[in-house]
Visitor: 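Take a look at this one; I'll ask things after.
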There are 2 protein chains.
Amino acid sequence: MTTIYNFSAGPAVLPKEVLQQAAAEMLDWRGSGMSVMEMSHRGAEFMSIMDAAQQDLRDLLAVPANYQILFLQGGGLGENAIVPMNLMGASPDATIDVLHTGSWSGKSLKEAQKYGKVNVVASAADNGFTAIPVRDSWRLSKDAAYVHVCTNETIDGIEFHTTPDVSLETNGAPLVADMSSHILSREVDVSRYGVIFGGAQKNIGPAGLTIAIVRDDLLGRALPYCPSAFDWKTIADNGSMYNTPPTYAIYIAGLVFQWLKRQGGVAAMEQRNIAKAKLLYDYLDSTDFYANRVVHDCRSRMNIPFYLRDESLNADFLSAAKEQGLLQLKGHKSVGGMRASIYNAMPLEGVQALVAFMQEFAHTHS
Amino acid sequence: MTTIYNFSAGPAVLPKEVLQQAAAEMLDWRGSGMSVMEMSHRGAEFMSIMDAAQQDLRDLLAVPANYQILFLQGGGLGENAIVPMNLMGASPDATIDVLHTGSWSGKSLKEAQKYGKVNVVASAADNGFTAIPVRDSWRLSKDAAYVHVCTNETIDGIEFHTTPDVSLETNGAPLVADMSSHILSREVDVSRYGVIFGGAQKNIGPAGLTIAIVRDDLLGRALPYCPSAFDWKTIADNGSMYNTPPTYAIYIAGLVFQWLKRQGGVAAMEQRNIAKAKLLYDYLDSTDFYANRVVHDCRSRMNIPFYLRDESLNADFLSAAKEQGLLQLKGHKSVGGMRASIYNAMPLEGVQALVAFMQEFAHTHS
């Protein structure tokens, strides 16, 4: 059978070892007689899974002690409302600063307008979403409630390679980062952020689990109508057990965290991700057959959109790729073209196979 | 090995056939080369899973064509806010009528107060949560925005055995039912309800999936600050794909729906559930060693709380039960005692084993 490589942007490829373990434990988790899906979330068995997952994530990202790790539901789009509902209570008239770098921050920006006055700090619309607006062009508010950034734009393929520094102009407004599509792919200085959130379905585990890392002093600022089930303080006070958490997704995420530790942790993964991305970008830059339009120092290591110069070949490209076991390469419908998402669980061999296929396809269609 | 029977109130036992199929398909769903967890939610493979799950649920509950079936996140506690946020936009000053029959409707009542004026139609607090307040005592509002009931109180073990009729006094206010812990256990006339919702983790599948069945005319009534990701109209317009749905939980729920069809559907399950509950209640009523305090015609078929007359034996009871493979019988911490949750996936043999154990325990401790 052909080796399959799955380039889906999310839900996305998971480590094979994780799936094998999940299959083996499906009917009986370690002699408990139960599937993890069947366990009371308050029982000793599941509590041990939950605690280990939280601790492993804390270790992997070196999350400081004054940050809570919360397991939530609703995904990144849910957080677009849940973030302002949790942060605007202390200063309902303050401005929400949003840096508009692509599709995801664009959605965050629009949703935030329901909950406060939004200031667009700068917009990559001016450059056709091919680069993060230069730092000098950012117009930050003096007393923003918070500053929102999406540190990896899954659709546009734009990534921050340094922490956005917003502290000076904003009197220390907390930086809120949507890291859905590159969390755990690179080292991050959590202490520079007020809130980090992400849907699990890209670089962590199954869809339906959302992770939020929240600095303690930002708890308790919710708007009065913030639902209890989405109030970070309520969730933190109840150890992410105010409502029944998505237990099986947490279990799978925990297996992924353990796999990451066995791989050498986030620093080791970052080196592999650099190598994988370089392989594909180097090829894209060496040929006129394909193109990636993103400015070099803003290119994402995780999501690499590219276009065939002759877009009439798109359907042929996708069907030939599928025949070779290279799946889900179609670009997001809003931007067209192709996209290779090469998350942590994508081995170097998968990118090698993709580049080899692209070379061959270019050769036979030039 | 001892046969295990898991009486957890949720997350809860799943059909063994479902778990076996999930284990077998974990690494490669039907030749796709992908785990269901790894599939793009917009790809043909997952779309076929999603469509089948929706259609099977529609078939099982005979959901009329003018109702949407929505796959959501946030659980029952999330819906306690999501329901009023979705229904109060058309009449923000209208009253929310809530029938208080136990712990769950009590939580719904408290959360609803964030979103509108709440009228407690009647409260079972007056009878110590042992019965649904008699119909004549209900004080319904004339122009309620909606009437909330919890048709099966998981903690208190109280169940509605007929559809609450509220249409006359309320000018046809929609009836909203939290059916989390007995959905699919019995036939239901969906057309009598405006909204039916439930967390999946009791009688359907894994935690992290919430199901809502919403009558078409109730879409589009959301409050301005209702998050887009929880706005039923947005979700319905996008086929439950506005944000990434909890794909794996939907897949497992779909397997459960297919299993239910193979069992003969909801009518056949209802007969089995009647027989299972009768077995346990008949025994409880035959002995002085244990007691269930709920009035007979309000007793739940799904969640059967009971107490040992001598509560100093509780710990012994639980550890002896566990030794016999009878798991998770401890009652909810708010009410103490024991609880046997005997959902669809609990076979008659499990209840027989429980009764045999209870008889033996009573015999040796009398």
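Since the model is a prediction, treat every value here as computed from it, not as a measurement. Chain A is the first sequence line, chain B the second, and so forth, proteins listed ahead of strands; every chain is numbered from 1.
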Visitor: As an exercise: rank A:F230, A:Y248, A:F46 by heavy-atom pairs under 4.5 Å with chain B and give me the winner.
Guide: A:F230
Visitor: Locate the shortest heavy-atom distance separating A:L354 from A:A340; write the atom from each residue and the value.
Guide: CD2-CB, 3.7 Å
Visitor: Which pair of non-hydrogen atoms, one from B:G239 and one from B:M50, has the smallest distance, and what is that distance?
Guide: O-CE, 3.5 Å
Visitor: So do the side chains of B:I96 and B:Q113 get within less than 4.5 Å of each other, counting heavy atoms only?
Guide: no
Visitor: Identify which one of A:S105, A:S181, A:S103, A:S180 satisfies the side chain to side chain contact (heavy atoms under 4.5 Å, CB included) criterion when paired with A:C150.
Guide: A:S105
Visitor: For A:N86, does its backbone N or O pair with a side-chain atom of A:D231 as donor and acceptor, under 3.5 Å?
Guide: no
Visitor: Highest number of heavy-atom pairs under 4.5 Å with chain A: which of B:G74, B:S8, B:A229, B:G208?
Guide: B:G74
Visitor: For B:L72, is it the side chain, the backbone, both, or neither that has a heavy atom closer than 4.5 Å to a heavy atom of chain A?
Guide: neither
Visitor: Out of B:E153, B:H148, B:K107, which one pairs with B:D178 under the side chain to side chain contact (heavy atoms under 4.5 Å, CB included) rule?
Guide: B:H148
Visitor: Given heavy-atom pairs under 4.5 angstrom as the criterion, report whether the side chain, backbone, both or neither of B:M34 touches chain A.
Guide: side chain
Visitor: Compare all side-chain heavy atoms of A:I252 with those of B:M37 and state whether any distance is below 4.5 angstrom.
Guide: yes
Visitor: Tell me, for A:I82 versus chain B, whether the close heavy atoms (under 4.5 Å) come from the side chain, the backbone, both or neither.
Guide: side chain
Visitor: Shorter than 4.5 Å, heavy atoms on both sides: which option in A:K330, A:Q328, A:K16 has the most such pairs with chain B?
Guide: A:Q328
Visitor: Using 0.5 Å steps for rounding, measure from the CD1 atom of A:I342 to the CG atom of A:N6.
Guide: 13.0 Å
Visitor: Can you tell which of A:H41, A:K110, A:E111 has the highest number of heavy-atom pairs within less than 4.5 Å of chain B?
Guide: A:E111
Visitor: For the candidates A:G43, A:A249, A:S228, A:A9, which exhibits the highest count of non-hydrogen atom pairs separated by less than 4.5 Å from chain B?
Guide: A:S228
Visitor: Please state whether the side chain, the backbone, both or neither of B:E25 comes within less than 4.5 Å of a heavy atom of chain A.
Guide: neither
Visitor: Please state whether the side chain, the backbone, both or neither of A:E79 comes within less than 4.5 Å of a heavy atom of chain B.
Guide: neither
Visitor: Does any backbone or side-chain atom of B:A12 lie under 4.5 Å from a heavy atom of chain A? Answer side chain, backbone, both or neither.
Guide: backbone
Visitor: Find the one option among B:A22, B:P206, B:S40 whose heavy-atom pairs under 4.5 Å with chain A are most numerous.
Guide: B:S40
Visitor: Minimum heavy-atom separation for B:P227 to A:K114, with atom names?
Guide: C-NZ, 3.8 Å
Visitor: Between B:Y225 and chain A, with a heavy-atom cut-off of 4.5 Å, which part of the residue counts as in contact: side chain, backbone, both or neither?
Guide: both
Visitor: Less than 4.5 Å to any heavy atom of chain A: does that hold for the side chain of B:P245, its backbone, both, or neither?
Guide: backbone
Visitor: Which heavy atom in A:T244 sits nearest to a heavy atom in B:P11, and how many Å separate them?
Guide: CG2-CD, 3.7 Å
Visitor: For chain B, find which of A:C226, A:G76, A:G325, A:A200 contributes the most heavy-atom pairs closer than 4.5 angstrom.
Guide: A:C226
Visitor: Non-hydrogen atoms of chain A under 4.5 Å away: do they reach the side chain of B:N243, the backbone, both or neither?
Guide: both
Visitor: Given the options A:P84, A:P246, A:A24, which has more heavy-atom pairs under 4.5 Å with chain B than any of the others?
Guide: A:P246
Visitor: Kindly determine whether B:N80 and B:S108 satisfy side chain to side chain donor-acceptor pair (under 3.5 Å), including the steps that lead there.
Guide: CA-CA 5 Å; B:N80 283 346; B:S108 303; 2.7 Å; yes
Visitor: What part of B:I250 gets within 4.5 angstrom of chain A, counting heavy atoms only: side chain, backbone, both, or neither?
Guide: neither
